[in-house]
**Student:** 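Questions regarding the structure given below will be posed in turn.
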Amino acid sequence: MSLIDDFLARWREYRAPGYYEEFDYHWTMTVDLDRCTGCEACVTACQAENNTPIVGEEAIARGRHMQWMRIERYWEGEYPDVKLRAIPMFCQHCDAAPCETVCPVSATYHNQDGLNAQIYNRCIGTRSCAVYCPYEVRYFNYNNHHWDAPLEQQLNPDVSVREKGVMEKCTFCIQRIRQAKDAAKDDGRRRVQDGEVQPACVQTCPTEALVFGDRKDPESGVSQMLGNERAYTVLEELNTDPSVVYLKKVEADA
Amino acid sequence: MPNVDRRHFLKLVGAGGVGAGAGFMLSESRKHPVEHLVPYPVPPEEFSPGIATWYNSVCSMCSAGCGISVRTREGRAKKIEGNPAHPVSQGRLCALGQSGLQALYNPDRIAGPLVRAGRRGELEFDPTTWEESLAELANQLELMRTAGRGGGVALLSGGVRGHLASLLELFMGWLGSDRLLHYDFNHPATLYAANERFFGESELPYYDIENSRYVLSFGADFIGHWLSPVHHGLGFGRSRQARDGIRGRFVQIEPRMSLTGAAADEWIAASPGTEGILALGIARRIVDQGGYQGEDLDAWQAALDAYAPESVAEQTGVAADTVARLADSFAETQPGLAIGGGATGNHSNGVDALVAVNALNHLVGNIGVEGGVIFNPPPAFGPTASRQASLARMLELAEDARAGRIELLIVSNANPVFNLPEAAGFAEALAEIPQIVSLSSFLDETTAQADLILPSNTYLESWGDDTPAPGVGFRVGAVSQPVVEPLYDTRATGDIVLELAHRMGLDLAFPWPNMEEYLKYSWREVWSSGTPDPAIPDFDTFWTSVVRAGVWGDDTRAPSGEFAPGANVVEGIGVAAPEFAGAEGEYPFALHPYLSNALHDGRGANLPWMQELPDALTGVVYGTWVEVNPVTAEQLGVQEGDVVAIESPAGSIEAPVLVYPAIMPGVVAMPIGQGHEQYGRYAHEHGVNPINVLAAQTEPDTGALAWAATRVRLVPTGGREDLVKVSGEARELGREIVQIAAVGAGAGAGGAANARLNSIPITVVNT
């Protein structure tokens with residue numbers, strides 16, 4: 001077999017739908033846009049949980065903000081018939097993630113739970129993944145960040161602080177998933193039950209727009225949401241197969 | 001985390017069984033009082049390195065009173081989350097609440113007592129000791145008290161409730177001073193007054209958004225910052241998608257689209273200050289259509305006579321058929337809810353306008369019913385009489401200061417120099433007060449004028465308690481406990497007051513050694529007021545369980561009686577045209593200042609997370625801007641980033657233009673919160689403070705600042721200032737990122753326009 005054929009065979013195998021079915025979990029989040037108000041409680045909750053830095057006005061002006069969760073806002077129509085539509089945008093944990101295939105050092109990969117994970121120690125900062133990501137949810141550390149003392153006392157000890165030259169992004173709060181798994185193991189259970197783990201954004205959302213859970217558990221809250229007729233994925237035409245599923249906003253034809 | 005049913009949450013905790021209910025955090029939620037340094041090889045009890053400990057407490061970042069759970073590791077606070085057992089927050093929290101950590105760990109906190117060294121306002125302070133400063137202050141207070149000059153002491157605090165408020169009352173009572181004032185820029189004084197007048201209720205009611213099918217909101221940004229945004233958010237989310245087959249609708253009426261307006265099904269711009277007139281236009285239509293059949297129908301017809309559709313349409317700028325449509329939908333879709341606040345209430349006609357909104361609820365019978373307006377019982381504890389100061393009261397205080405009637409001013413957790421218009425002259429009045437003592441944790445604009453700074457703990461280091469306002473329809477009390485040891489040489493406000501009282505020799509009146517003991521003493525009364533429970537044999541068990549749960553209270557609402565407005569209330573209904581400071585010819589735009597959910601009234605400006613939180617509607621960080629309609633921008637010949645002078649009869653400030661698609665052409669809007677001259681490195685030198693150009697215009701009934709009643713003109717300066725934004729393309733350009741499930745005209749029976757506005761059935765298909 002030629003090298004190319006070998007590559008293509010592996011590629012097909014890698015891209016075969018459902019390859020994750022042999023694993024334990026398939027973590028999924030749903031975002032009900034009919035509930036989301038764009039209040040950004042999730043943005044701050046994520047920043048608090050994941051030690052994302054305070055970058056300063058100048059860095060933001062250069063497009064170097066680091067919040068893993070952002071609210072995108074789109075205007076529709078003109079005054080007075082004008083609408084503002086908000087959508088939380090964060091790593092979609094694609095099952096066929098473009099960022100994973102492009103990383104020259106495999107710093108970003110798919111883990112056994114269906115998460116798109118990032119190994120900070122392996123990342124060499126080519127930023128290719130950010131270019132390939134159609135959702136633009138990967139953030140690069142252009143600088144070392146610091147926290148004016150004593151703000152560093154707030155940093156979450158369960159999450160590493162990233163350094164200059166490293167790419168980072170939403171992890172679905174993998175540290176919380178790990179803790180939930182450990183707790184389940186300590187209890188002598190094999191599986192984490194629905195509701196035992198929630199990322200920081202889901203936990204804080206005042207309108208309960210976000211639901212997180214294991215798609216492989218048909219009884220889980222998130223599986224129930226996936227059956228909703230309003231469910232869709234963003235940029236579906238790209239076949240990235242995201243693990244974040246949005247529920248369409250309902251608008252009356254007023 | 002389990003969902004806690006609001007109706008049952010309190011059965012589980014407190015009164016029902018010790019700590020059984022609030023799930024995972026209760027087992028470790030009791031603070032162990034660490035009084036000495038303990039070496040790590042012998043860790044204190046309930047403390048394991050690497051294992052998080054959770055403490056339940058109460059958020060103090062705004063006045064809503066959400067219950068919080070603070071995650072700590074190795075004695076440091078790491079994360080603030082909502083307390084699932086608390087009926088207001090139910091495990092949820094807003095962005096500002098999350099940022100409480102940055103108040104605690106703020107690098108610009110005042111680390112110990114300071115005494116002024118240079119001239120006032122020069123920010124030269126020398127460190128001093130608590131011993132020395134408290135002794136001197138207590139001595140001074142005692143001399144004033146015994147000489148009968150205690151009335152010369154004024155205590156100005158931010159909004160406080162619960163037993164800290166009682167303690168301040170007691171302390172000022174012993175001093176013989178009536179000058180105990182709470183000042184909160186955002187205090188809904190006109191809403192209290194309107195409810196008092198129409199409902200005869202002194203407490204804010206519970207607005208049951210969750211169970212409402214049609215919400216008509218007049219200017220109330222209830223999802224962004226108004227009253228209790230987290231709880232309203234819960235209600236909004238559930239009204240939308242948590243009820244089988246029913247989706248609640250809501251319409252927002254305001255001149256500039258707020259976060260709430262963006263979430264609404266329909267956003268309607270009415271001319272600023274005419275929202276009350278619109279409400280009466282709707283009321284008139286309801287009465288005309290026979291939607292109201294009360295005995296006092298004649299009185300209503302007479303009161304509403306002046307609000308014929310054409311005249312209402314002319315005054316408000318809202319088409320007559322829209323008014324009719326809103327009225328018909330509101331009357332047909334039960335239960336519905338009309339709420340009013342924000343700019344609607346902070347106008348020259350604010351109280352009348354909010355009374356008009358209340359009247360709508362009465363006309364369609366939405367008072368005391370699920371999904372409508374539900375009255376709250378009196379707070380479980382704390383003073384009942386409000387000490388909230390209006391602008392008029394603050395002007396009185398300033399006048400007293402100028403006349404030399406104030407010898408000593410104690411400021412606690414309030415920043416009137418920033419939050420009052422310059423036109424009020426408060427900063428100048430402060431200069432006339434011989435001594436100013438600040439109990440603030442931060443060097444804000446008011447504290448910068450202080451002679452003595454006795455820095456308070458932040459709320460995460462203090463004992464306290466709270467009764468949320470608005471409540472949730474039943475009695476709720478919450479205890480806040482210190483989650484970490486104080487970081488610096490600071491003391492809790494309550495402890496400072498008690499210490500002063502002790503040093504003044506008032507031990508008999510203040511027999512409690514500290515705030516914690518005072519709380520325990522006071523909560524004995526709360527305990528004995530509840531139903532006896534065999535599971536809770538003594539007070540200590542009760543107290544432990546309340547501190548663990550962070551909340552205590554009833555779990556059912558008392559059935560509401562029939563409601564009827566008092567005598568002459570209906571006859572008095574009417575909303576005058578709004579009065580602005582500044583003539584329309586000279587000042588063509590109405591200035592619409594608004595609070596943002598991140599910076600609030602400016603208190604969030606020293607929190608870097610809040611500075612870097614993109615504005616919810618524009619995506620701007622670290623700045624102030626002035627929003628203008630696209631057409632207006634074209635007429636003025638300005639684009640985004642062009643700096644204009646915003647000139648009012650009271651002053652002038654400069655800010656870059658932001659072309660905002662959802663604002664009326666005759667209105668310009670500015671966010672409040674930036675423009676701090678002090679308040680630490682993160683707040684300092686960002687943006688401008690629009691409060692400074694507001695005229696000291698008041699609502700006549702309450703004396704409240706009518707902060708939406710100033711007119712301005714915009715003068716391009718030729719300068720440029722690029723706004724720093726976290727946002728990309730403002731339009732979707734066919735990418736279908738936010739997809740819409742359109743519910744068209746066919747959805748309602750017959751497809752009539754009115755049917756469209758009724759509740760929309762949603763089919764949820766489960767696999």
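Each chain gets a letter, A, B and so on, in the order the sequences are listed, and its residues count up from 1. Model, not experiment: these values are computed from the prediction.
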**Student:** Pick one of side chain, backbone, both or neither for A/Asp32, based on which atoms fall under 4.5 Å of a heavy atom in chain B.
**Tutor:**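 The side chain, not the backbone.
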**Student:** Select, from B/Ile223, B/Leu613, B/Leu101, the one with the greatest count of heavy-atom pairs under 4.5 Å involving chain A.
**Tutor:**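 With the most close heavy-atom pairs to chain A, the winner is B/Leu613.
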**Student:** For each of B/Arg109, B/His686, B/Gln102, B/Glu732, tally heavy-atom pairs with chain A at distances under 4.5 Å, and name the one with the top tally.
**Tutor:**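 Highest number of pairs under 4.5 Å: B/Glu732.
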**Student:** Stepwise, does the side chain to side chain contact (heavy atoms under 4.5 Å, CB included) test hold for A/Arg230 with B/Gln241?
**Tutor:** CA-CA 12 Å; A/Arg230 292 185 290 125; B/Gln241 291 293 338; 3.1 Å; yes
**Student:** Counting heavy-atom pairs under 4.5 Å with chain B, which one of A/Ala41, A/Ala231, A/Pro206 comes out on top?
**Tutor:**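 Of the options given, most contacts go to A/Pro206.
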**Student:** Counting heavy-atom pairs closer than 4.5 Å to chain A, which one of B/Arg681, B/His232, B/Glu736 comes out on top?
**Tutor:**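 With the most close heavy-atom pairs to chain A, the winner is B/Arg681.
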**Student:** Can you tell me which portion of A/Leu247 sits under 4.5 Å from chain B's heavy atoms? Options are side chain, backbone, both or neither.
**Tutor:**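 For A/Leu247, there is no contact with chain B at all, as no heavy atom is under 4.5 Å.
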**Student:** When you look at OH of A/Tyr232, are more than 12 heavy atoms from neighbouring residues, nucleotides or ligands closer to it than 6.0 Å?
**Tutor:**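 More than 12 within 6.0 Å, yes.
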**Student:** Looking at every non-hydrogen atom in both residues, tell me the closest pair between A/Thr207 and B/Phe236 and how far apart they are.
**Tutor:**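 Smallest interatomic distance, heavy atoms only, reads CG2-CD2, 3.8 Å.
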**Student:** Is it the side chain or the backbone of B/Glu729 that comes within 4.5 Å of chain A heavy atoms, both, or neither?
**Tutor:**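 Only the backbone of B/Glu729 comes within 4.5 Å of chain A.
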**Student:** Would a distance-only check, ignoring hydrogens and angles, find a side-chain to backbone donor-acceptor pair under 3.5 Å from A/Lys83 to B/Glu266?
**Tutor:**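 Such a contact is absent between A/Lys83 side chain and B/Glu266 backbone.
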**Student:** Would you mind checking which part of A/Val82 comes under 4.5 Å of any heavy atom in chain B, side chain (CB onward), backbone (N, CA, C, O), both or neither?
**Tutor:**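 For A/Val82, backbone and side chain are both near chain B.
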**Student:** Quick check on B/Ala77 against chain A: is it the side chain, the backbone, both or neither that has a heavy atom closer than 4.5 Å?
**Tutor:**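 The backbone, not the side chain.
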**Student:** Can you list the steps and then say if B/Arg247 with A/Glu251 is a salt bridge (Lys or Arg N to Asp or Glu O under 4.0 Å)?
**Tutor:** CA-CA 11 Å; B/Arg247 175 180 182 272; A/Glu251 274 181 14; over 6 Å; no
**Student:** Just so I understand: if I count every heavy-atom pair under 4.5 Å between each of A/Cys42, A/Ala45, A/Ala86 and chain B, which residue has the most?
**Tutor:**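 Heavy-atom pair counts peak at A/Ala45.
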**Student:** At a 4.5 Å cut-off on heavy atoms, which part of A/Glu72 comes close to chain B: side chain, backbone, both, or neither?
**Tutor:**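 Looking at A/Glu72, just its side chain touches chain B.
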**Student:** What residue, out of B/Ala263, B/Ala262, B/Ala264, has the most heavy-atom pairs lying under 4.5 Å from chain A?
**Tutor:**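 Result: the option with the highest number of such pairs is B/Ala262.
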**Student:** Is it the side chain or the backbone of B/Asp722 that comes within 4.5 Å of chain A heavy atoms, both, or neither?
**Tutor:**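 Neither; nothing under 4.5 Å.
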**Student:** Would you name the heavy atoms of B/Pro107 and A/Ala149 that are closest together and state the gap between them?
**Tutor:**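 For B/Pro107 versus A/Ala149, the nearest heavy atoms are CB-O, 3.2 Å.
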**Student:** Atom CD in A/Gln154, atom NZ in B/Lys79: separation rounded to 0.5 Å?
**Tutor:**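 Reported to 0.5 Å precision, the distance equals 9.5 Å.
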**Student:** For the candidates A/Pro157, A/Gly38, A/Pro80, which exhibits the highest count of non-hydrogen atom pairs separated by less than 4.5 Å from chain B?
**Tutor:**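 It is A/Pro157.
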**Student:** Could you go through the side chain to side chain contact (heavy atoms under 4.5 Å, CB included) check for B/Arg735 and A/Tyr74 one step at a time?
**Tutor:** CA-CA 11 Å; B/Arg735 289 175 290 173; A/Tyr74 296 105; 3.5 Å; yes
**Student:** Can you find a pair of side-chain heavy atoms, one from A/Tyr79 and one from B/Pro665, that are under 4.5 Å apart?
**Tutor:**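 The answer is yes; the side chains approach within 4.5 Å.
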**Student:** Would you say B/Leu234 and A/Glu208 make side-chain contact, with heavy atoms under 4.5 Å?
**Tutor:**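 Yes - at least one pair of side-chain heavy atoms lies under 4.5 Å apart.
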**Student:** Specify which of B/Val621, B/Asn597, B/Leu617 makes the most heavy-atom pairs with chain A at under 4.5 Å.
**Tutor:**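 When all of B/Val621, B/Asn597, B/Leu617 are compared, B/Leu617 has the most.
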**Student:** Do A/Ile71 and B/Pro614 touch side chain to side chain, with heavy atoms closer than 4.5 Å?
**Tutor:**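 Not touching, per the 4.5 Å side-chain cut-off.
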**Student:** Mind ranking B/Met664, B/Met610, B/Gln611, B/Lys725 by heavy-atom pairs under 4.5 Å with chain A and telling me who comes out on top?
**Tutor:**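 The residue among B/Met664, B/Met610, B/Gln611, B/Lys725 with the greatest pair count is B/Met664.
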**Student:** Please rank A/Leu235, A/Leu33, A/Leu155, A/Val43 by heavy-atom pairs under 4.5 Å with chain B and give me the top one.
**Tutor:**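 Top option by heavy-atom pairs under 4.5 Å: A/Leu155.
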**Student:** Which atoms of B/Arg76 come close to chain A, meaning under 4.5 Å heavy atom to heavy atom: side chain ones, backbone ones, both, or neither?
**Tutor:**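 Just the side chain, heavy atoms under 4.5 Å.
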**Student:** Give the interface residues of residues 53-67 of chain A toward chain B, defined by a heavy-atom separation under 4.5 Å.
**Tutor:**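 Hits under 4.5 Å: A/Pro53, A/Ile54, A/Val55, A/Gly56, A/Glu57, A/Ile60, A/Ala61, A/His65, A/Gln67.
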**Student:** Could you tell me which portion of A/Pro150 (side chain, backbone, both or neither) has an atom closer than 4.5 angstrom to a non-hydrogen atom of chain B?
**Tutor:**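 For A/Pro150, heavy atoms of backbone and side chain both lie under 4.5 Å from chain B.
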**Student:** Sort by residue number and list every member of residues 176-186 of chain A having a non-hydrogen atom under 4.5 Å from chain B.
**Tutor:**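 The stretch touches chain B at A/Arg176, A/Gln179.
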**Student:** Below 4.5 Å, heavy atoms only, C-beta onward: do B/Tyr682 and A/Asp148 meet side chain to side chain?
**Tutor:**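 They are in contact (side-chain heavy atoms under 4.5 Å apart), so the answer is yes.
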**Student:** What part of B/Lys78 is in contact with chain A, defined as an atom under 4.5 angstrom from a non-hydrogen atom: side chain, backbone, both or neither?
**Tutor:**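 B/Lys78 touches chain A through backbone and side-chain heavy atoms alike.
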**Student:** Is it true that A/Asp158 and B/Arg71 have a side-chain N and a carboxylate O under 4.0 angstrom from each other?
**Tutor:**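 Between B/Arg71 and A/Asp158 there is a salt bridge, with a charged N closer than 4.0 Å to a carboxylate O.
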**Student:** Checking A/Arg35 side chain against B/Gly233 main chain: does a donor-acceptor pair fall under 3.5 Å?
**Tutor:**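 Side chain of A/Arg35 to backbone of B/Gly233: no pair is present.
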**Student:** Under 4.5 Å from any heavy atom of chain A, what part of B/Ala242 do you find: side chain, backbone, both or neither?
**Tutor:**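 Interface part for B/Ala242: both.
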**Student:** For chain B, which candidate among A/Arg73, A/Arg85, A/Lys249 shows the most heavy-atom pairs at distances under 4.5 Å?
**Tutor:**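 The answer is A/Arg73.
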**Student:** Measure A/Val31 against the heavy atoms of chain B and call it side chain, backbone, both or neither at under 4.5 Å.
**Tutor:**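 Neither part.
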**Student:** Would you mind telling me which of A/Ile87, A/Leu151, A/Val234 has the largest number of heavy-atom pairs within less than 4.5 Å of chain B?
**Tutor:**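 So the answer, after comparing A/Ile87, A/Leu151, A/Val234, is A/Leu151.
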